[in-house]
Colleague: 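The structure is given below, and queries will be raised subsequently.
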Amino acid sequence: MLANSNAFLRQKNLFGGEWVDADGGETIDVNNPATGEIIGTVPNCGKAETARAIDAAAEAFLTFRKTTALERSKMLRRLHDAIMDNQETLAQLLTSEQGKSLVEARGEVGMSAGYVLWYAEEARRVYGDIVPAPWADRRIMVTKQPVGVIAAITPWNFPSSMLARKIGPAIAAGCTSVIKPATQTPYSALAWGLLAEEAGVPRGVVNIVTGSASEIGGEITRNPKVKKVTFTGSTAVGKLLLKQCAGTVKKVSMELGGNAPFIVFNDADVDRAVEGAIAAKFRNSGQTCVCTNRFYVQSKVYGKFVEKLAAAAADLKVGNGAEDGTQQGPLIDLRAVETVESMIEDATRKGGKVVTGGKRHALGGSFFEPTVIADAKPRMRFTREEIFGPIAPVYKFKTEEEAIELANNTEYGLAAYFYTQDLGRMYRVSEALEYGLVGVNEGVITTVEAPFGGFKESGLGREGGHQGIEDYLEAKYVCVGGLGM
Ligand code: NAP
């Protein structure tokens, strides 16, 4: 058993079962965003090391593809157990590099284990088809095969669970992988290497490389041995990777940015809506792709909602995520704080009213006060831009049609939420929303059993659910003829 969090603080990369440094020995510092302390370093790798990691994955694929679904399922079950046996130490590691509260970090690690268990189960249900042939002496089979080497690039906001949604189905399908985690949160990803070893996942099936994003991304997208790229991150980087992947026509899955609307109708249970709003807005300090970006509240309940939301936001305990009772940790870095500040400045200049918060927290560093802004207007920046911080702008609307139009008026289409007690409206609005995930009277809806992914510029493909393994499989049609019938 892996004993403590130091055992997970792996400061090397994993290629073909060997823990290695960058060729030139260069390293990058990793900070704790709550304290500013350097908690360790990771190798600063580039193109050459990435090519070697890809070679290791390609070699491992030759044998891994021949394992049975049952063997891979058992491997994933052991991986699930290894994660759960170490949930607390993995959560502490996650909090130390990412900043979120320990409660949220435990939840994320539990969710990672949940994805792995789900794909342990799905591994055994990758069915093909036998299709009636139009010829008497031939038979048609459609089988599913692993795509091969996949490359996974992940963000800093959920450094463990965003990888679980990729590693789980990849192993289940029989693919090998090269992983490039976010530079600010590499340890939760490197821990997957140790956990995979502990679970008996063969050498070379999971390879992890840290360092220069453009060099690693360049090699991953150029190298013909990589058959698929799965990316979670910003829409801007996603578009760049899509272009780069065109050269070798790779399969791609993209989990990109969001701009979630949260609609509260006059007939809503306002207290329930406020409870959902706090979770949908301030979880992970507002740094999730499904975080509410825009609150739309109908005229009759507008005042009441703003007042209650502001009171609940002001009550949130801001602090070091590692301390008991902390509900909101720091933002990832000072650049994020500056972005949030500039959005508040833009809003107040255009008539927005700060009802609570609005400035850096007394704790200093990258801590920021949970903020509610009333009288939000379409011309304010957060109407179009992803906030990625603890600001809740509240807009007023009059009719259902107007709310739907405002909610859909964005190039994003990841998550949307609305609160109503009217059954007809529940169906009308959920069908009209151009979003991949819709929460009705619920503010947190992600679960391993359901597909996660966006419409429009929020992405391509789905992760989770039975759909999440499809992107790791190729369908092959085999026609068997000359049967003498
Ligand atoms: P990001 O800046 O796009 O970075 C994501 C990952 O891409 C990091 O590992 C980053 O590496 C890497 N990267 C950056 N430039 C690259 C390049 N030229 N080539 C290859 N890789 C490159 O996003 P982020 O700030 O980490 O994460 C926040 C974003 O992710 C938000 O937009 C959020 O909505 C989105 N997100 C979406 C989902 C979803 O499921 N739809 C889930 C979570 C987050 P470095 O760290 O080394 O720069």
Side-chain angles (χ1 to χ4, degrees), residues 28-31 33 42-47 50 97-98 100 108 111 115 151-166 178-190 208-223 226 229-245 250 252-260 283-293 331-333 335-336 339 385-389 410-415 435-437 445-446 450-464 468:
I28 306 172
D29 291 343
V30 181
N31 291 298
V42 287
N44 188 6
C45 290
K47 185 173 179 305
T50 307
E97 66 177 350
Q98 203 276 340
K100 67 179 63 177
E108 179 175 345
M111 182 69 113
Y115 277 112
I153 303 178
T154 48
W156 50 261
N157 63 343
F158 287 93
S160 174
S161 62
M162 295 301 102
L163 253 183
R165 302 204 298 208
K166 303 181 190 303
V178 174
I179 292 159
K180 185 248 169 277
T183 301
Q184 285 166 306
T185 56
Y187 294 127
S188 295
L190 288 162
I208 309 168
V209 53
T210 55
S212 160
S214 57
E215 281 201 39
I216 298 170
E219 181 59 22
I220 277 172
T221 50
R222 184 205 63 78
N223 194 313
V226 175
V229 171
T230 168
F231 172 72
T232 301
S234 62
T235 296
V237 174
K239 286 180 180 176
L240 176 74
L241 293 172
L242 279 170
K243 277 190 203 146
Q244 291 180 191
C245 284
K250 295 191 196 310
V252 287
S253 310
M254 295 277 149
E255 294 285 352
L256 308 178
N259 181 353
R283 198 162 57 100
N284 201 7
S285 307
Q287 304 170 117
T288 87
C289 51
V290 291
C291 266
T292 302
N293 218 60
L331 299 194
I332 189 71
D333 54 25
R335 208 158 48 119
T339 305
E385 292 175 40
E386 200 178 12
I387 300 172
F388 242 59
T410 164
E411 65 269 27
Y412 294 106
L414 189 56
Y435 288 85
L437 316 167
I445 62 170
T446 306
F452 187 106
F455 285 19
K456 303 200 278 192
E457 292 190 17
S458 285
L460 294 169
R462 292 292 180 271
E463 292 188 331

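Note that these values count all heavy atoms, side chains included, but never hydrogens, waters or copies made by symmetry. Counting convention: from 1, in listed order, for ligands and their atoms alike.
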Colleague: Does E219 come within less than 4.0 Å of K47, counting only side-chain N to carboxylate O?
Modeller: yes
Colleague: Near ligand 1, which residues have a heavy atom under 4.0 Å away from one of its atoms?
Modeller: I153, T154, P155, W156, N157, M162, R165, K180, P181, A182, T183, A213, G217, F231, T232, G233, S234, V237, L240, L241, E255, L256, G257, G258, C289, E386, F388, L414, F452
Colleague: Quick one: salt bridge (Lys or Arg N to Asp or Glu O under 4.0 Å) partners of K250, sequence neighbours excluded?
Modeller: none
Colleague: Show the numbers, then the answer: is there a side chain to side chain contact (heavy atoms under 4.5 Å, CB included) between L460 and V252?
Modeller: CA-CA 8 Å; L460 294 169; V252 287; 4.0 Å; yes
Colleague: Applying the side chain to side chain contact (heavy atoms under 4.5 Å, CB included) criterion to N259, which one of T235, N293, L414, I387 satisfies it?
Modeller: N293
Colleague: Is there a side-chain contact between K166 and T232 in this structure, where contact means two heavy atoms from C-beta onward sitting under 4.5 Å apart?
Modeller: yes
Colleague: Tell me whether R462 forms a cation-pi arrangement with F452, defined as NZ or CZ under 6.0 Å from the six-membered ring centre and within 45 degrees of its axis.
Modeller: no
